Amino acid sequence: MMKFSEVFWICLIFGCFYVISNNGVEASHKIYEDLQSKVVAAPVKQLHRSGYHFQPPMNWINGPMYYNGVYHLFYQYNPKGAVWGNIVWAHSVSKDLINWEALDPAIYPSKPFDINGCWSGSATVLPNNVPVIFYTGIDPNQYQVQNYAVPANLSDPYLREWIKPDDNPIVVADETMNKTAFRDPTTAWKVGGHWRMLVASRRKHRGMVYLYRSRDFKTWVKAKHPLHSVAKTGMFECADFFPVALSGDAGLDTSAVGPNVKHVLKVSLDLTRFEYYTIGSYIPEPRDKYLADKSFVDGWDGLRYDYGNYYASKTFFDPSKNRRVLWGWSNESDTAQDDVQKGWAGIQTIPRKLWLDPSGKQLRLWPIEEIETLRGQKVQLSNQQLKLGEHVEVKGITAAQADVDVTFTIPNLDKAEPFDPSWTNAQDLCGQKGSTVQGGVGPFGLLTLASEKIEEYTPVFFRIFKGQDKHVVLMCSDASSSSLRKNGLYTPSFGGFVDVDLADKKTISLRSLIDHSVVENFGAGGKTCITSRVYPTVAVFDNAHLFVFNNGTETITADVEAWSMAKPSKMNN
Ligand SMILES: *[C@@H]1O[C@H](CO)[C@@H](O)[C@H](O)[C@H]1NC(C)=O
Ligand SMILES: *[C@@H]1O[C@H](CO)[C@@H](O)[C@H](O)[C@H]1NC(C)=O
Ligand SMILES: *[C@@H]1O[C@H](CO)[C@@H](O)[C@H](O)[C@H]1NC(C)=O
Ligand SMILES: *[C@@H]1O[C@H](CO)[C@@H](O)[C@H](O)[C@H]1NC(C)=O
């Protein structure tokens, strides 16, 4: 079996693109036949390689899991090249979610029911403390079928070897369903005498999550009704369904139900490559239904975990810290040819703790506390005034690899620009009103990964508008000036609205995790998150700088705490 080594850390891109077929527009895994087995022989180039983000060559997360003191991360991986193809379940383990050890792949094509690929799935730890993996196998007909695998040796603390019993597959699409659009089984949950799990799919352009039930965890029967379906979304994938507590930030086991629990359904949209979620009620009896609360948009314009480059996410319950943890994948935004040259592609974002905001209107996400153990040298700017057009450097840290936490105070909101109610798309608005478009209150924020003379920079900022009856806060992470190199880079200005009430407490916070080619941003304590991938040419290593800036007529103040971030001592090597 292949052993991963530093030099041969070849990875893949999981590109899903629009492919025009005879039937119209379809999203599909883009296959780079010429590139998918191209192995780079030279040591991987380190430029843009992240320092503390999990970054072996990798792709979709299959199933994160905590088991007997060890975190397992399974991810989709192409052992033979830096673009999508030859998919296996790569496997890494950690005791702290910071340091990772790479093991041999856990699951790879070897049986008729997965001979053409081992795609995403999930792990479930049964009440007798036995973990089971569900995954999608691609069979000889290219059909997507659902399989299970169990550890070969429960005494092995790392669960290196997995067995795929011969009674697989456990679930296949019936005649009413689309056999080539049926994938990514979820973590199972149990209510009453039955286990349940979901498989994502489509019926024409309707996104579907089919529900399956089992008494013994072996024989699975499709429920009469899907758990949920939504018109006109296209294919759902990587569905995730889990409970959150009505109050507090503790996580819940996936089987939790009851009056103090709400449920979250998240789906990844294959057509657009973004995800959205709703919060609602799960009614297991008598009909096993999920009803999204009326106040949530159930479709393209729904709430997102992250308004940037973020896909194929999945949560798991971590009983050791009583929290729910979210993993998401951030693909490269340069070209497939670049990925082959670099020898790697795609990173995992920093795991995020996830809970229900006290308002009940959204989720909150925050980097797991363990990441703070990597904080080194610290600098502070207190009560830093920023007038129109000013920017002030945050000096004394490694700005290319840093953790920054700023609180902005806005003494007066009178100068806020009027908000036009037709501005419903935050990303479009960020595109129109960038950091150099002066405003009333804002734009103010950080210039991350900036060159000394600010030819290259990735601004992350807020702009505040006067709405109908309250202020509207826009948050943007703009990659359009992030690199002097233009060809082939995907450099959008991502944006999201932030649901904060500025009327009494006139402050807003921003935390940014900066790591060479990634900037992960958390606005207002994790209410709005945006991840950008950027490829500076000048603002690299010690030539990267960090500034706070204001380009609004209203003077604001910034309180900054910033840390250099260390590399974990063990990152998959
Ligand atoms: C990366 O993801 C973005 C969406 O987040 C998508 O637009 C882009 O095409 C993807 N790039 C590749 C190379 O897969
Ligand atoms: C199972 O794992 C334990 C602990 O690593 C090891 O001592 C034992 O030899 C393994 N058993 C088999 C059958 O491989
Ligand atoms: C089934 O799904 C595949 C893959 O998404 C798609 O190409 C095909 O058109 C679908 N068939 C129908 C009948 O919707
Ligand atoms: C502020 O706006 C001015 C005018 O558009 C622009 O020249 C300048 O670069 C902006 N400053 C920052 C820090 O973005």
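All ligand and atom numbering here is 1-based and tracks the order in the structure. By convention here, the first residue in the shown sequence is residue 1. Model, not experiment: these values are computed from the prediction.
Contacts between Arg202 and ligand 3 below 4.0 angstrom, taking non-hydrogen atoms only, involve the side chain exclusively.
Ligand 4 has no nitrogen or oxygen under 3.5 angstrom from a nitrogen or oxygen of His391. Checked against a 3.5 angstrom limit, the closest N/O atoms of Asn551 and ligand 4 fall inside it.
Side-chain contact between Lys433 and Trp423 is present, with heavy atoms from C-beta onward closer than 4.5 Å. Counting heavy atoms from C-beta outward, Val441 and Glu554 have side chains that approach closer than 4.5 Å.
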For ligand 2, output the ligand-protein N/O contacts shorter than 3.5 angstrom; if there are none, return none.
unit_1	atom_1	unit_2	atom_2	d
ligand 2	2 (O)	Asn153	ND2	2.3
ligand 2	11 (N)	Asn153	ND2	2.9

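Judged by distance alone, the side chains of Ser512 and Thr448 never bring a donor and an acceptor atom under 3.5 Å apart.
Two rings, from Phe134 and Trp220, have their centers less than 6.0 Å apart. A ring-centre distance under 6.0 Å is not found for Phe444 and Phe461.
Under a 4.0 Å criterion applied to the non-hydrogen atoms of Thr180, ligand 3 contributes the atoms 1 (C), 2 (O), 3 (C), 4 (C). Each of the atoms 2 (O), 5 (O) of ligand 3 lies under 4.0 Å from some heavy atom of Ala181.
Taking a 4.0 Å cut-off on heavy atoms, Gly389 fails to register as neighbouring ligand 4.
Counting non-hydrogen atoms of other residues, nucleotides and ligands closer than 6.0 Å to CD of Glu455 gives a total above 12.
Both cation-pi conditions hold for Arg304 and Phe274: the charged atom is under 6.0 angstrom from the six-membered ring centre and inside a 45 degree cone around its axis.
Each of His391, Glu393, Glu456 was checked for a side chain to side chain donor-acceptor pair (under 3.5 Å) with His545, and the lone residue meeting it is Glu393.
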